[in-house]
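To keep things clear, I will list the structure first and then write my remarks on it.
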There are 2 protein chains.
Amino acid sequence: MTADVSTQTAQKPLRADAQRNYDNLIEAAREAFRERGAEASLDDIAKRAGVGPGTLYRHFPTRDALIDAMMRDWAERIDADSQAVVDSGLPAREALQIWFTRFVDNIGLYHGAAAKVMSAMDDPKSPIYRKCQVLAAANEKVVAKAREDGALRDGVDAREVMRIVSGVSTVIDQSGLTPAQAEPMLAIVLDGILLPD
Amino acid sequence: MTADVSTQTAQKPLRADAQRNYDNLIEAAREAFRERGAEASLDDIAKRAGVGPGTLYRHFPTRDALIDAMMRDWAERIDADSQAVVDSGLPAREALQIWFTRFVDNIGLYHGAAAKVMSAMDDPKSPIYRKCQVLAAANEKVVAKAREDGALRDGVDAREVMRIVSGVSTVIDQSGLTPAQAEPMLAIVLDGILLPD
DNA sequence: ACCTGAACACCGTTCAAGT
DNA sequence: ACCTGAACACCGTTCAAGT
């Protein structure tokens, strides 16, 4: 189940120069997206990577395909974070609080990332859909643990929890707040899904 | 306090042809934004209004200035909705539930509107900032009423409530859900801010 | 098999020339 | 005082020519 992360994905091996271009493009994209946000110029990314624009398009036919490739290790980080929380044995409120905080951190890859992940959540045609499924599964796991502990209100659905925490993430991202400023909103969510007392 | 809404804003009167162009541009913008979302082509809007692109820029030097003009009656609708809820005499939960639902509806003017309002919320330099202030004041009023009724948890801040409901609105908008599908998320917010029992 | 970069298209923005 | 539309700049996207 553990994939080879050092090269492309799980595809046929690339020619040496192509592999280098591929890696350079992803690195350049990370920089550019961090600096400029989700609308970063693809031409600029190609320039930073030292390749022609055609090469970028060869490897990544769409902007989303490039973003998807940038997020390779992201899914693994998500899995690790959710597993750590479930294994921690912490009480439900603390466990969920940590998980939500990690959620907001992880989804804030660059300006506009939270919104992009959100649109992909319900769109199976999006290249990022798979990544969202990983996030959904991780969230489901943490919420299920809290439910087993008898801590959740009746009718609380993991999917809705994921949606609302994504919403909080978008607020942080779009309003230019720091991740720490998500805390009051996350407190509302916690009180909203946990049984009182 | 009630403004003349049939012409420009509260500015000097425009020459007759300029006023017609101004109105046509706003109408064209409403159509275009509804169809194409927040990134609608300005050139296309000018064409729809039957004017040159220069005319659009004369009246609205930035995209946000045009959006702000489109939202003229919006602020009044917000005010009316919040007042109606406060005057209704409904119990806090029902009142807030109706207000939040209206909030989500109102902020979903076109695809991308919720995110735009959110970014303007904490940015006094945005042309839309004033409109956000109106929304914030209306929300404050409804939340204050619930607090007077002794229905709110300690430490619940109207600003945070506005942020999280804006977040819910963005989820609806970005994920292509219907406003009705906000209900489970709004239920979480309600349980999160109201005193149990 | 992969890369380059010129070429095209589209759109935002400005401004000189008009009325 | 206001409008027009040509002109420019920037960027996404394609593709013929190269290695």
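Given the structure is predicted, the values throughout are model-derived calculations rather than measurements. In what follows, every chain begins at residue 1, and chains take the letters A, B, ... in the order their sequences are listed.
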Would you mind writing out the side-chain donor-acceptor pairs for residues 90-101 of chain B within the sub-3.5 Å range, not counting sequence neighbours?
residue   : atom : partner   : partner atom : Å
Arg93(B)  : NH2  : Asp191(B) : OD1          : 2.3
Trp99(B)  : NE1  : Asn139(B) : OD1          : 3.0
Thr101(B) : OG1  : Gln97(B)  : O            : 2.7

*Quick one: salt bridge (charged side-chain N to carboxylate O under 4.0 Å, His left out) pairs with a partner in residues 78-89 of chain A, sequence neighbours left out?*
Asp81(A)-Arg102(A)
*Crowded around Arg77(B) CZ? As in, over 12 foreign heavy atoms under 6.0 Å?*
yes
*Specify the separation, in whole Å, of atom CZ of Arg20(B) and atom P of dC3(D).*
11 Å
*Please state how far atom CG in Asn24(B) lies from atom P in dT4(D), giving the value in whole angstrom units.*
11 Å
*Whole angstrom value for the distance that separates C1' of dC2(D) from CG of Leu25(B)*: 13 Å
*Tell me the stems DNA chain C sits in, counting at least three consecutive Watson-Crick or G-U wobble pairs, each under 3.5 Å on both distances.*
C:4-8 with D:12-16, C:12-16 with D:4-8
_Nucleic acid footprint by protein, nucleotides 7-18 of chain C - heavy-atom cut-off 4.0 Å, B for base, S for sugar-phosphate alone_ = -----SBBB---
Show me, pair by pair, the donor-acceptor contacts under 3.5 angstrom made by side chains of residues 108-116 of chain B, not counting sequence neighbours?
residue   : atom : partner   : partner atom : Å
His111(B) : ND1  : Asp173(B) : O            : 3.4
His111(B) : ND1  : Asp173(B) : OD1          : 3.1

_Spacing of Asp17(B) atom CG relative to dA1(D) atom P, expressed in whole Å_ = 13 Å
*Can you name the ring pair (Phe, Tyr, Trp, His ring centres under 6.0 Å) partners of Tyr57(B), sequence neighbours left out?*
none
*With respect to the phosphate group of dC2(D), does any side-chain polar atom (N or O) of Asn21(B) fall under 4.0 Å of OP1 or OP2?*
no
*Any idea which heavy atoms bring Ser175(A) and Asp122(B) closest together, and the distance?*
CB-OD2, 3.7 Å
_Rounded distance (Å) that lies between atom P of dA1(D) and atom NE2 of His59(B)_ = 14 Å
*Is the closest basic N to carboxylate O distance between Arg163(A) and Glu160(A) below 4.0 Å?*
yes
*The side chain of Arg58(B) lies closest to which of these nucleotides: dC3(D), dC2(C), dA1(D)?*
dC3(D)
*Hey, could you give me the CZ/CD1 distance between Arg36(B) and Ile45(B), rounded to the nearest 0.5 Å?*
10.5 Å
